[in-house]
2 protein chains.
Amino acid sequence: MDVARIGRESGPAKRTDDIGQRRPVPPTTVRRLSTYYRVLGTVQADGQPNVSSETLASLTGFTAAQVRRDLAYFGSFGKRGVGYAVAALRQRLAAILGIDRGWRIGLVGVGNLGRALVAYPGFNNQGFDVVAAFDSDASVIGSRVNGQFVRPVAALENAVRDEQIDMVIVTVPAAAAQQVVDQAVAAGVRAILNFAPTQLRVPSRVQLSNVDLAVEVEYLSYSLAG
Amino acid sequence: MDVARIGRESGPAKRTDDIGQRRPVPPTTVRRLSTYYRVLGTVQADGQPNVSSETLASLTGFTAAQVRRDLAYFGSFGKRGVGYAVAALRQRLAAILGIDRGWRIGLVGVGNLGRALVAYPGFNNQGFDVVAAFDSDASVIGSRVNGQFVRPVAALENAVRDEQIDMVIVTVPAAAAQQVVDQAVAAGVRAILNFAPTQLRVPSRVQLSNVDLAVEVEYLSYSLAG
DNA sequence: CGATGTGAACGCTTTCACAGCA
DNA sequence: TGCTGTGAAAGCGTTCACATCG
């Protein structure tokens, strides 16, 4: 299936767009947009000017009807008999997803997972700028990640406030996660992406997403065991 | 929300259990079982003999009705007026998820992400034994991961066949993923967990799950941009 | 003609609300 | 009495099927 999702985010998923009443966009649709954006990159690299919903379906593993429905939530970008203009659609998706804004990201926890995320295709130089990194391990502090010196976690709160950090990615051990989040929230962060396998509490004005890397392996295990 | 899921797995999610007709278990339920299993560990460490659905709800972020419905798919483990016996329920969940079987895992791609996964709580010594690791980078081959020497990717096919590897975790660059998967499939692997941001093709007898780490950040970005 | 955009039907999940049992 | 287990209802998301239009 897809990625493993866990827990509960805060805040609604509603959204209205430019003109007129727009139906509420399902969270599942938003997650698929991310994939459309990625595969459009490869289609664009191939030099194709247009794609059909059928092609996008086979490239993503979704259905053609899903593709058309998903895109139609945001307007009518397609030409009947032709398909979607690749470059224009990709640009539009970037705007919808907000990944054309250069969000300022703080990374807390610079272990293997933190470093892997920064290097993951689609993270850096893709609308997300990791502008600060923090860790509690003295042997890591002072080293560099994405060109940034790693600072002690104690510096997080002031950094979020002073350096306009929009989003914090938490890749610390579960036991340390709530404390990290409390500091980030106190300093006014707007969104948190949590990889620690623990349930975090944040005020409703802060967007929270959880990723539990164990969920998908266990899902596969269940499938095999069945 | 939860983990980012992408693409499409192969194979059905059906499952019947011991005696009698059992309703089909929703995939969403299976993914939540994973979380129940985890939080039951902390409840057990606290020495609580029983938990209510209400408590499990607040520990996971799901609703009490969801908890009861999810568990009821597999039988009646609860005592009315009391709740669920923590240790027994946890053990039962391990059996249902199949994480009490010591699946033999092969890790292909020993970069930061691969190393992070092996170290992630709930991976190793939790029903998953990483018994072999592979990489194409000569500077990594011969180093150790989880006590195993890293071997060249060319050794994958024979290893899967000769060492009864059940599942392969793919953390190689997107461009190399399909080739790795083809080898694993040819050698008879039963399940694949893919972290490369690309759509893989496998025969329907092979279980495939995809995790795209970019999906959840982009979902948060969308929420902020809204 | 060909592929989009979309009502309407369908099926899957969640939620409600309470009967039933320890 | 308290909390589970579960019919029934409600809510979402997907799929179908086709009118529509470039």
Using atom types as modelled, flag every donor-acceptor pair under 3.5 Å from a side chain in residues 184-192 of chain A to any protein atom, sequence neighbours excluded.
| from | atom 1 | to | atom 2 | distance (Å) |
| --- | --- | --- | --- | --- |
| A:R190 | NH2 | B:L224 | O | 3.3 |

Inset, instruction - Grab the CZ-C1' distance between A:R31 and D:dT14 for me, whole Å please. - result: 17 Å

Inset, instruction - Apply the test side-chain contact (heavy atoms from CB on, under 4.5 Å) to residues A:Y222 and B:I96: give CA-CA distance (whole Å), side-chain angles for both, the deciding distance (0.1 Å), then the verdict. - result: CA-CA 7 Å; A:Y222 172 87; B:I96 291 167; 3.9 Å; yes

Legend entry - Step-by-step ring pair (Phe, Tyr, Trp, His ring centres under 6.0 Å) determination, A:Y36 to A:F62: CA-CA 10 Å; A:Y36 301 143; A:F62 310 136; 5.8 Å; yes

Legend entry - Distance under 6.0 Å and angle within 45° of ring axis: A:R92 vs A:F74: no

Legend entry - Length of the line joining A:Q66:CD and D:dG13:C1', which is rounded to integer Å: 9 Å

Inset, instruction - Salt-bridge test for A:D212 and B:R38: reply yes if a basic N is under 4.0 Å from a carboxylate O, no otherwise. - result: yes

Inset, instruction - Sugar-phosphate means primed atoms, P, OP1 and OP2; the rest is base. With that split, encode nucleotides 2-8 of chain C 5' to 3' as B, S or - using protein heavy atoms under 4.0 Å. - result: BBBBBBB

Legend entry - Rounded interatomic separation in angstrom, taking CZ from B:F62 and P from C:dT14: 9 Å

Inset, instruction - Provide, to the nearest angstrom, the distance between the CG atom belonging to A:D70 and the C1' atom belonging to D:dG13. - result: 10 Å

Legend entry - B:L107 vs B:V118, side-chain contact (heavy atoms from CB on, under 4.5 Å): CA-CA, chis, key distance, verdict: CA-CA 9 Å; B:L107 176 71; B:V118 170; 3.7 Å; yes

